[in-house]
Colleague: 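Encoded as C-alpha cells, here's the structure I'll be asking about.
First the proteins, then the strands, lettered A, B, ... as listed; each starts at 1. Only this structure's heavy atoms are used, side chains among them; waters, hydrogens and symmetry mates stay out.
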Amino acid sequence: MSDDSITIILKDKTYPMHAGIPLHKALRILDLTANAHLALRDGQLITEDEMLKNGDRIQLIAVISGG
Amino acid sequence: MRCRKCGQKAVINMRQHRLALCAEHYLEWLPQQTERFIKKYEMFTRYERLLLAVSGGKDSLALWDVLWHLGYNVDGLYINLGISGSLDYSEQSQQFAQNFANERDLKLISVNVHEKYGESIPEIAQRTRRGQDKACSICGLVKRHIFNQTARDGNYDAVITAHNLDDEAAVLLANSLDWSLERLGRGQPLLPAGGGFVRKAKPFCRFYERETAAYALLRAIAYISEECPFSIGSKQLFFKQDLNRWEDHMPGTKLRFYLNYLSALEEGAFPQRQESPAELEQQRCPICGQPTITGTTCAFCRLFEK
Ligand code: SF4
Ligand SMILES: [Zn+2]
Ligand SMILES: [Zn+2]
C-alpha cells in the first residue's frame with residue numbers, strides 16, 4: 001500500500017497526503033495556514049495535533065473572508 | 001488534545017489563550033465571552049433595541065445567534081447590493097439571512113439598493129469616479145449610509161456589526177502602514193452616539209475568525225461560504241493571510257497587536273475628532289440629513305448628483 005493514504009479536501013480540490021503525521025504538519029506541507037482553516041473528519045471538528053490515519057478524509061474549511 | 005473543562009476530546013485549540021475545548025464547552029464559552037465583552041466595553045443592555053448588520057455570512061449569523069441566545073433584543077438589517085457574479089452572490093446571501101431569521105422567528109429588515117436608488121453597487125461603481133475599480137469603496141459608503149439611516153428611522157438604540165479580531169487587525173495593519181492617525185483614532189469596539197450617528201458596537205471584536213466560523217459550524221448555522229466576487233485579491237484578504245502566517249509561527253500575535261492597540265487608543269495615543277457633538281449637529285447634509293464633515297452634501301448623496 002502506498003503511503004499516500006489520506007485525502008485532504010479544500011473547496012473543489014483534493015490533495016493526497018501520507019498517514020502518520022499530525023494535521024498541522026499536513027497543512028504546512030500544503031502551505032496552508034492553520035489559523036485560516038478549520039478541519040473536519042467524519043463531520044467532526046478536529047484540532048491540529050490530531051494524527052492523520054490511513055484512509056482519513058479531511059475536509060478543510062477556509063475561514064477567512066475579505067471585503 | 002483534551003477539553004480543559006471536562007477532559008473530553010477537544011474540537012478547537014486556541015493557542016493564544018492556551019485553551020482547548022470540546023464542542024459542548026466551546027458553545028458555552030463563546031457566548032459567555034461575548035457577554036463579557038459587551039459588559040466590559042459597555043456596549044448595550046437587554047433593555048435596548050439593537051440593529052445588527054447581517055450579510056448572510058458566518059460572522060453576522062453567528063453573532064445574531066449568540067445575542068438571541070443571550071436574550072438581547074436584536075433585529076437584523078440585510079442590504080441587497082445587487083452583486084451577481086456567477087453565483088448570484090446577493091440573492092444567495094439574502095436567502096441565507098432570511099432563512100436564519102424565519103427559522104428563529106426574528107425580524108429581518110431588507111433593503112434593496114437597486115430598488116431604492118435605481119442602481120446596484122456595481123452600476124454605481126462603474127459610473128462614478130470614486131468607484132472606478134473600487135466597488136468596495138462605494139459599497140462601504142452605501143452600506144454605512146443605509147445602516148445609519150435605518151437605525152435612525154427605526155429608533156434603534158445601537159447598531160451592531162459582526163467584525164471579528166481578524167477584520168479589526170487587518171484594518172489596523174492597513175492604517176498603521178499608512179500612518180493614518182485619523183483612522184487609527186476610530187478603532188474602538190464601541191463608538192458612542194453623536195452628531196447624528198447612532199452608537200456602534202462590535203461584540204465579536206476579540207474573537208479570531210476561525211473561532212466565529214467554528215461556532216457557526218458547531219451550531220449548524222447555514223451561511224453563505226462563497227465570497228463576494230469583489231473581495232478577490234482585496235488588500236484586506238492579503239493582510240489577513242499574512243497576519244495568520246505570523247500567528248501560526250507566533251501564537252497570540254494578532255491578539256496582542258489588537259489589544260495593545262486598544263490600550264494605546266485608550267491612553268490617547270491617537271488624535272480624536274475635534275468637533276463636539278453640537279458642532280457636528282449643525283453639519284447636516286441638506287439632502288438626506290445625515291451628518292457630514294464638510295457641512296455640504298454628503299459623500300453618499302454626491303453619488304447621485306446629476
Ligand atoms: S467585497 Fe467589497 S463589494 Fe463585496 S460586499 Fe464587501 S465591500 Fe461590498
Ligand atoms: Zn468539555
Ligand atoms: Zn446626504
Colleague: If I measure from the heavy atoms of chain B, does H24(A) come under 4.5 Å with its side chain, its backbone, both, or neither?
Modeller: neither
Colleague: Measuring from atom OG1 of T33(A) to atom CG of D242(B), what distance do you get when rounded to the nearest 0.5 angstrom?
Modeller: 9.5 Å
Colleague: Measuring from atom CG of L218(B) to atom CG of L45(A), what distance do you get when rounded to the nearest 0.5 angstrom?
Modeller: 5.0 Å
Colleague: Considering all heavy atoms of both residues, which atom of H37(A) and which atom of R210(B) are nearest to each other, and what is their separation?
Modeller: O-NE, 3.3 Å
Colleague: Do the side chain of D248(B) and the main chain of N35(A) share a donor and acceptor less than 3.5 angstrom apart?
Modeller: yes
Colleague: Heavy-atom distances under 4.5 Å only: say whether F230(B) touches chain A with side chain, backbone, both or neither.
Modeller: neither
Colleague: Is Y223(B) in contact with chain A via its backbone, its side chain, both, or neither, using a 4.5 Å heavy-atom distance?
Modeller: side chain
Colleague: Hey, mind stepping through D31(A) and R245(B) against salt bridge (charged side-chain N to carboxylate O under 4.0 Å, His left out) and telling me if it holds?
Modeller: CA-CA 10 Å; D31(A) 197 26; R245(B) 278 185 202 286; 3.6 Å; yes
Colleague: Counting only non-hydrogen atoms closer than 4.5 Å, does I46(A) touch chain B with its backbone (N, CA, C, O), its side chain (CB onward), both, or neither?
Modeller: backbone
Colleague: Is the side chain of N13(B) donor-acceptor paired with the backbone N or O of T47(A) at a distance under 3.5 Å, no angle test?
Modeller: no
Colleague: Report which part of K9(B) has an atom under 4.5 Å of a heavy atom belonging to chain A: side chain, backbone, both, or neither.
Modeller: side chain
Colleague: Indicate whether the side chain of E209(B) and that of S65(A) have a donor and an acceptor atom separated by less than 3.5 Å.
Modeller: yes
Colleague: Would you say the side chain of L40(A) lies within less than 4.5 Å of the side chain of L217(B), judging by non-hydrogen atoms?
Modeller: yes
Colleague: Taking I64(A)'s backbone N and O only, do any of them form a donor-acceptor pair with K240(B)'s side chain (distance below 3.5 Å, no angle check)?
Modeller: no
Colleague: Check whether Q44(A) gets within reach of chain B through its side chain, its backbone, both or neither, counting any heavy atom under 4.5 Å.
Modeller: neither
Colleague: Can you name the nearest heavy-atom pair linking M1(B) to D49(A), along with the distance?
Modeller: N-OD2, 3.0 Å
Colleague: Under a 4.5 Å cutoff for heavy-atom pairs, which residue among C228(B), A20(B), A214(B), S225(B) has the most contacts with chain A?
Modeller: A214(B)
Colleague: Kindly check if the number of other-residue, nucleotide or ligand heavy atoms within 6.0 Å of NZ (K25(A)) is above 12?
Modeller: no
Colleague: Look at atom CD of E28(B) and say whether more than 12 heavy atoms of other residues, nucleotides or ligands are closer to it than 6.0 Å.
Modeller: yes
Colleague: If you count the non-hydrogen atoms of other residues, nucleotides and ligands that lie under 6.0 Å from CZ in R41(A), is the total more than 12?
Modeller: yes
